[in-house]
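The residues of the chain are indexed from 1 along the displayed sequence. Whatever order the structure lists them in is the order used to number ligands and atoms, beginning at 1. As the structure is a computational prediction, the values presented were derived from the model and not from experiment.
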Amino acid sequence: MVNVPELFGSLVFDERTMKQRLPKQTYKALKKTIKDGQPLDINVANIVANAMKDWAVENGCTHYTHWFQPMTGVTAEKHDSFINPTDDGTVIMEFSGKELIKGEPDASSFPSGGIRATFEARGYTTWDPTSYAFIKDGSLCIPTAFCSYTGDVLDKKTPLLRSMEAISNEAVRLLRLFGDTETARVITTVGPEQEYFLIDKKMFDSRKDLTYTGRTLYGARAPKGQELEDHYFGKIKDKVSVFMKELDEELWKLGIYAKTKHNEVAPAQHELAPIYTTTNLATDHNQLTMEMMKRIANRHGMECLLHEKPFAGVNGSGKHNNWSISTNGGKNLLDPGKDPYNDHQFLLFFVAVIKAVDEYQDLLRISAASAGNDHRLGANEAPPAIVSMFIGTDLEDIFEAICSGKDYYTKKEERMKMGVEVLADFKKDTTDRNRTSPMAFTGNKFEFRMLGSSDNISCPNIMLNTMVAEELSQFADELENAEDFDAAVIELIKKTYTEHKRIIFNGNNYAPEWVKEAENRGLMNLRTTPAAVARYIDQKNVDLFKKHKIYNEYELRARYDILLENYSKIINIEALTMIDMAKKDIIPAVSKFVKELVETASAKKALSAEITAELEVELASKLSKLQLCFSHRIDKLDSLLLKAADKNGVQELANFYADEVFPAMQEARVVADEMEMSMDAKAWPYASYGQMLYSVK
Ligand code: ADP
Ligand code: MG
């Protein structure tokens, strides 16, 4: 039996460990840094570093690493050992405050969108004391922020921390106006639900597309997909169950609140949800969770797929970013409480989110934009590319009542009766859910549902924090000058709701009518990554990020470049992989199979004129035609890729990949899939969809 409370956080240099291992004064000083953001004194850092090292070495570590999140989307680490030579030729284990606080990785080898030319290589990582150090794979990992020699941010953590500060500052300003003198800080909280696939490792290894790109670029549908709806919440298979158990334990050791696990809609698809925590920690934890999923799957002969669309024809994987705002005292500012109609503070924070989502639809869309996620947004399995909000009928009634000046009566609590005596009745939720909404209010938090499964959640949270900070700032500006505060608040709620309620949509987001309706409402529909990312550098967005000191114009431009470059590179790799698979494997396999058919046909004919060879001849003829057509389409793809060199600039290039290369890939795939369907399974060079989706028992 595992002792979970004992296991939990055992690999983390957390509060408990700090208290045990640090001198009182040092602990106090460090706490002050963590809580109030005061700079850390080098003497304090030296003591902390030494204590961390002792703890890490006792737990089997030989190395330390500054663990950071460059703009590649994955985490980066460079390991240094603790050893230090002594005069007598031996070594001692040492770790200084300087080494704890600062690292110098080569910045030029990470994406920088032109901020760093390769000859100006210097970059720095600096310790983020608000996220605990932890042990992974025999190394002490120190969460750090990453910037260039010139101080421009090159990572995803720094802007996230800045955005958390921005929303805290503005929210506290507003709380003061409501008479709150106690709240020192406001914290955004996040609980990300993570979807993933598990397939047999051997199947995975047999496929170049999965290996190089994370998704299947070819593959005929299996006879059975998700149509029976028998996988969602279904019984978890033994092998998967063992994996999940080990994953939970490993995550608990890292202080990650892994809570819920279940099967998802598609065959071989699963989900893990942690209990929410501070945005910064939630982000680090989610990155670690993804890494552990992959690693532990390998231990069990499986591969964990985090791509947004590993298989055509069944649902892809997303990530739900549950987000809320609370005070350092623990009050959730988006909790409607018992009487939301009379809770003006709640209503004001709530309309701030409505206004933010309406005015910065593009930013939310961009936060979920990637080549992988383009397969999902707008297909009927994830929210559409149109950003809208679901707030539930209760709150809608309240806002409508306030706007029209009509009375509103709080609804009586309803009990749900199951009609069976032994089943207890329970309180019915006041409003139903909407599973199709990109941004749904779910009781006391918003669930942003557009993210792709492999996304780093810092992106949407940087956007949410910053855009809501902006609205809170505008509200505070206005209310600070109000003569009659109470009347001004109500007026502001009314005005804001009326001006921005077009973003609220409670219907079915998958319905084709919504696309028309949204267009009539003037909402954006940014269908592809290049179309969405183009808006990143719009003046209003530049102004927003500048005002709240999240990005300077240079840093924002760099992010725009990186997103587009990354998109083009991904499609290019996918296209090259398709060409490679076509020429090296598929076309030769078809030729070989056709040859067998022809040989069988002539053997039959040679034996007796009475044995028909019609089937072989017909099939050989059909496959030969398809093969030729396929080969032509692959040639077309090949020549398209050559044209990429003529494109000017990142935007034009990304548009070209979206508008021309991607459709050409689809055209080639269709033919390959048809050939696969017509061929002997053994003659096809890759594991089939059926094998992959049902391989794990
Ligand atoms: P639901 O049934 O609405 O999905 P859950 O309780 O399962 O609700 O929560 C889903 C996710 O939302 C979990 O990760 C949970 O920890 C997170 N969550 C709950 N409350 C908050 C909050 N105040 N802030 C951020 N995330 C939250
Ligand atoms: Mg959810």
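Near Gly191, meaning under 4.0 Å from one of its heavy atoms, ligand 1 places the atoms 14 (O), 25 (C), 26 (N). Contact atoms of ligand 1 toward Asn332: 23 (N) (distance under 4.0 Å to a heavy atom of the residue). Within ligand 1, counting atoms from 1 as listed, the ones closer than 4.0 Å to a heavy atom of Ile275 are 16 (O).
With a 4.0 Å cut-off on non-hydrogen atoms, Thr260 does not touch ligand 1 at all. At a 4.0 Å heavy-atom cut-off, ligand 1 does not touch His320 at all.
Between Phe68 and Phe146, the two ring planes are tilted [angle within 30° to 60°].
Separation of the Phe346 and Phe178 ring centroids does not fall under the 6.0 Å cut-off.
Using a cutoff of 4.0 Å between basic side-chain nitrogens and carboxylate oxygens, Lys501 and Glu396 are not scored as salt-bridged.
Polar contact with ligand 1: present for Pro274 (N/O pair, distance under 3.5 Å). The distance criterion of under 3.5 Å between nitrogen or oxygen atoms is not met by Glu447 with respect to ligand 1. Here's the thing with Thr189: one of its N/O atoms is less than 3.5 angstrom from an N/O atom of ligand 1. Backbone and side-chain nitrogen or oxygen atoms of Trp323 are examined, and none is located within less than 3.5 angstrom of a nitrogen or oxygen of ligand 1.
By the 4.5 Å heavy-atom criterion applied to side chains, Asp284 and Gln69 are counted as neighbours.
Listed by first then second residue, pairs satisfying salt bridge (charged side-chain N to carboxylate O under 4.0 Å, His left out) with a partner in residues 6-18 read Glu15-Lys31, not counting sequence neighbours.
His307 and Ser317 get closest at one heavy-atom pair: O-CB, 4.0 Å.
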Solution key, residues 469-476 side-chain donor-acceptor pairs under 3.5 Å, sequence neighbours excluded:
residue	atom	partner	partner atom	Å
Glu470	OE1	Lys547	NZ	3.0
Glu470	OE1	His548	NE2	2.7
Glu470	OE2	Gln474	NE2	2.7
Glu471	OE1	Lys355	NZ	2.7
Ser473	OG	Lys547	NZ	3.3
Gln474	OE1	Lys355	NZ	2.5

